[in-house]
Each structure stands twice: as structure tokens, then as C-alpha cells.
Amino acid sequence: MPPFDAPEGDPFGPHNLPYGVFSTPGSQERTVGVRLGDHVLDAGAAAHALGSPYASLLARPTLNPLLAAGRTAWSDVRRALTAWVTVPSHRETLEPLFHPLSSVTLHLPFEVADYVDFYASENHARNVGRIFRPDAADSLTPNWKHLPIGYHGRAGTVVVSGTDVVRPSGQRKAPTDPAPLFGPSVRLDIEAEVGFVVGVPSTRGRPVRLADWREHVFGVCLLNDWSARDVQAWEYVPLGPFLGKSFATSVSAWITPLDALEEARTAPPERTHALLPYLDDTGDEPGGYDLRISVALNGHVVSEPPFSTMYWTAAQQLAHLTVNGASLRTGDLYGSGTVSGPADHQRGSLLELTWNGRDPLELPDGKRTFLEDGDVVTLSAWAPGPDGTRVGLGEVTGRVVGG
Ligand SMILES: O=C(O)/C=C/C(=O)CC(=O)CC(=O)O
Ligand SMILES: [Ca+2]
Ligand SMILES: [Mg+2]
């Protein structure tokens, strides 16, 4: 077992070091782990063994204490971890604390406090507008370029990658149906998104400024916002998504710290409308991220959405989320919104990829419009890292089971 020798070019090399929570076979005990190659380092045990002051943040069953500790602690812990896994003299001490990934169970890495989901891809918003509101003069609603649209979701149904998703039941009514029907959704869909994990709380009544985003947000995960399109289309006017999106939201088991994504920072698309001062990022450091997402359905890649095309940045989303004085809590999670690029094969939902079922996908195992029971959806992603490396963002996967 060579845990210190993640092969050259491994997207989970020492330049990455994402955090998760794991347990080993036969043990109920969960603890914070850090991924290196295809191994997990028991971070709390490593801190103890090396006499590090960070043991109290890492020997915990969730990431919440580390999240709450703030940016200086985040950077210090990351620097320490980098040294632990790269300095040869630690090898003997740490070797027994590495576990093969295949031997551990990965858990939901943090206690999710509040969950918000945005709608920040212009390509996605225009596609959905055309599909859901074909008679509207503009595919974007009048507010879209002035504020990052979002809704508050259901934190208690956020599940970790690998958790089965039970097909939801609900009301639906197609325009041609004389009355609403009730039953299992017949338009179950995915949404490929990036999730942002809040570490440091904010004070009620005090909005978080754009410039302070990094003091609050710890890192990113991959997120699949499972959506029942038939339920959504019937229920969403006038208050927005409700039961069509609250039954399950899957997140990846690994949280990549922002510090691992420095090389991936990129400018967002040019703004076409002047922004109010609290959202105006003109002249700021680049607020976008170059994350390359891949969507696989039953093992076949059906889409490759580029996160760099997102119109609203995560900093603008947090500024907007708190501008009314709403406070943040450790463990708050917000989704970027479905990531769709301009090209057909860059769309982040089956709604768009099949144009609401009109144009089925041709897969080796048959045609597909929306999800069928037994289907497995896997989102994965990587970002450019230092010196031509890749930073792996892991994956979020889930299988649909009959309701
Ligand atoms: O435009 C609508 O009525 C609905 C849009 C969505 O379903 C999108 C959504 O959940 C937000 C997103 O992921 O972009
Ligand atoms: Ca969504
Ligand atoms: Mg959801």
C-alpha cells in the first residue's frame, strides 16, 4: 500500500486534499478523512499521532467544527495536512492511518443547516423558459439579469452520494388533462450543479459583502438536484418549486476546499446589465470557477456542462442571500443552479437534453427521455490545478428506485 505515492497526475494528489467523513467496517464511529489518491487518511488520528493542535477539529464525526473554525484555521490545517502527506519522515507514523477508499463507508460530510438553490445559468434559464413558458415574450423573466434567483429548499433531504432516490409521487396536470392526477412522477429528472458549503456564520441584520465571501465559504461539492418536472410544472405558480424538488438532493462525499481551486478561478461571462452596488463585481478578482462537469446515465456520458459559463457567481449569490439581513449558519449549503453551457451536449438536465421528452437520448441500452427505475446518474468533475494538474471533485451518484 503506497498512500504517499498517489501516482503522478492523480487528480487527488497532495495539491487537492478534499475532506469527507468515513467509517471503517465493523465500526459505528465516524471521523473526518482526507482523500489522497485512492486512500483516506484518518485526519484526527494523524493529528493526534503528530501532536498537532488541530486534533480537536478533525477527530469529529462531521466537518462542522472545522467549517466553523474560519479561514485562518482552514489554511493552517491544510498547510499541516500537506506537510503530513509529503514529508517522508511522517511516513511510518501515518501509514497505518491510511485506509483504502474501497474499504470505508463515506457519510454525509456535514450537518446541513439551511439549503438554498439558485438559477444562475443563463443557458439553463433560457432553455427552461422556452419549455415552461413558450408564450412569454422573453425566455428570461424580467428580474433575471438583476438578481440571482433562488428558492429555499429542504435541508433534511440532502443525502450523500450513493444513496438510492425513491421516485416521488405527487400531483400533476398536463394542460390537456381535465383534472389533476396523483401518482409516481413520470418526468423524474436530474440537475447538474455545484454546491457551496458555508463555514462561518454571519450576524442577523448584517449582509455579507461580495468581498467577504471567502471568509464564510469553505468549499464546494457536486450536487444533483433531483426534480420531478411534472409535479414542478403544475405546482410552481406563483410561489416556485416545492414538492417537485424537496424529496432528495444528492451531494458528493468529498468537499473540496476553495484553497485547492485557486488555479481554476476565472472571470464570469460579461454582464449585459448594470448591477446594483451590492452585486456589482466589476473590477473584483475573478469570481467564476472553471469546473468541467460530466453527467453519466447508466455509465454513458450524456452531457459535459462547463461551470465557467455561469452568469452569477457564488459570491454574488451569498451577497444576495444575505442582503435582507438573513443570517448564515455553519453547514448552510447553496446550489449554483443547474449548469448548462451553450451547446446541446452541455445541458445539465434531461428536461433540456431531451427538450421535455420530445427528443429522446439514444443510449446503448435504449432510448431515454426522463429517468426510469433502476437508472443510475453520476455527476463528476475536475478543475485545472497547479502546474498542469487536475483537481478531482469526486462524484455524486444515485440510483432511482420505484416509489
Ligand atoms: O424556470 C422555472 O420555472 C424553473 C426552473 C428550474 O427548475 C430550475 C431550478 O431548480 C434552479 C436551477 O437549478 O437552475
Ligand atoms: Ca436546481
Ligand atoms: Mg432538490
Side-chain angles (χ1 to χ4, degrees), residues 112 114-145 147-155 157-159 165 168 170 172 175 185 187-196 220-251 268-269 291 293 295 303 305-307 309-314 316-317 320-321 333-342 346-357 370-371 377 379 396 398:
V112 183
D114 289 299
Y115 168 52
V116 163
D117 191 24
F118 284 96
Y119 189 38
S121 158
E122 181 171 355
N123 301 295
H124 172 71
R126 287 197 183 279
N127 288 336
V128 176
R130 287 188 195 113
I131 292 168
F132 277 7
R133 296 173 284 277
D135 301 328
D138 189 351
S139 53
L140 291 184
T141 50
N143 54 358
W144 202 92
K145 288 283 178 96
L147 54 83
I149 296 177
Y151 65 94
H152 281 92
R154 193 161 187 84
T157 54
V158 176
V159 297
V165 171
R172 61 177 187 271
S185 169
R187 292 187 178 230
L188 182 58
D189 197 359
I190 57 147
E191 288 187 334
E193 303 196 22
V194 172
F196 293 87
V220 309
C221 58
L222 293 175
L223 185 150
N224 183 351
D225 177 24
W226 304 91
S227 299
R229 299 300 180 191
D230 39 4
V231 176
Q232 179 185 354
W234 169 230
E235 76 178 357
Y236 88 103
V237 179
L239 291 187
F242 188 40
L243 303 182
K245 285 169 173 288
S246 65
F247 56 94
T249 304
S250 299
V251 292
L291 314 178
I293 304 170
V295 182
S303 178
F307 190 76
T309 59
M310 298 301 274
Y311 191 85
W312 296 103
T313 68
Q316 290 172 319
Q317 291 173 331
H320 187 62
L321 171 56
L333 169 69
Y334 62 102
S336 59
T338 310
V339 183
S340 291
Q346 296 178 326
R347 295 169 171 174
S349 66
L350 293 171
L351 177 73
E352 298 162 86
L353 286 165
T354 71
W355 213 255
N356 204 15
F370 290 95
L371 296 171
V377 177
L379 314 181
V396 56

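When a ligand or atom number is given, it counts from 1 through the structure's own listing order.
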Assess the side chains of Ser340 and Glu352: does a donor N or O sit below 3.5 Å from an acceptor N or O? yes

Which of the ligand 1 atoms, numbered from 1, are nearer than 4.0 Å to a heavy atom of Arg133: 1 (O), 2 (C), 3 (O)

Under 4.0 Å, heavy-atom basis, I'd like to know which part of Met310 is in contact with ligand 1: side chain, backbone, both or neither. neither

Glu191 with Arg229: basic N within carboxylate O range, under 4.0 Å: yes

Element-labelled atoms of ligand 1 that are located less than 4.0 Å from some non-hydrogen atom of Thr338: 12 (C), 13 (O), 14 (O)

Qualifying residue for side chain to side chain contact (heavy atoms under 4.5 Å, CB included) with Leu333, from Val158, Val116, Thr249: Val158

Ligand 1 atoms nearer than 4.0 angstrom to some heavy atom of Val128 are 1 (O), 2 (C), 4 (C), 5 (C)

Numbered atoms of ligand 1 (with element) below 4.0 Å of His124, judged on heavy atoms: 8 (C), 12 (C), 14 (O)

Please list the nearest protein heavy atom to atom 12 (C) of ligand 1 with its residue and the distance rounded to 0.1 Å. Phe118 O, 3.1 Å

Check all N, O or S atoms of Asp117 and name the one closest to the Ca ion (ligand 2). OD2

Plane angle bin for Trp144 and Tyr311 - parallel if under 30°, tilted between 30 and 60°, otherwise perpendicular: tilted

From Phe196 atom CZ to Leu321 atom CG, the distance as rounded to the nearest 0.5 Å: 12.5 Å

Glu122 and Lys145 ion-paired at < 4.0 Å: yes

Between OE1 of Glu191 and OD2 of Asp225, what angle is found at the Ca ion (ligand 2), rounded to 10 degrees? 80°

Between Asp189 (side chain) and Ser349 (backbone), is there a donor-acceptor pair under 3.5 Å? no

Side-chain donor-acceptor pair under 3.5 Å between Asp117 and Tyr151, yes or no? yes

Heavy-atom contacts with Asp117 under 4.0 Å: which atoms of ligand 1 show up? List them by number with element. 10 (O), 13 (O)

Compute the shortest N/O to N/O distance between Tyr236 and ligand 1 and return yes if it is under 3.5 Å, no if not. no

Would you mind listing which atoms of ligand 1 come within a distance below 4.0 Å of any non-hydrogen atom of Phe132? 3 (O)

Taking Ser336 for the side chain and Val194 for the main chain, is one N or O donor matched with an acceptor at less than 3.5 Å? yes

shortest atom 6 (C) of ligand 1-to-protein heavy-atom contact is with Gln232 NE2, 3.4 Å

Using a strict 4.0 Å cut-off to heavy atoms of Glu193, name the atoms of ligand 1 that fall inside it. 13 (O)

Straight-line distance of Arg126 CZ to Asp138 CG, nearest 0.5 Å: 5.5 Å

For Lys245, the ligand 1 atoms whose distance to one of its heavy atoms is below 4.0 Å: 7 (O), 9 (C), 10 (O)

Have a look at Glu193 and say which of its N, O or S atoms is nearest the Ca ion (ligand 2). OE2

Atom 5 (C) of ligand 1: closest protein heavy atom, distance to 0.1 Å, is Tyr119 CE1, 3.5 Å

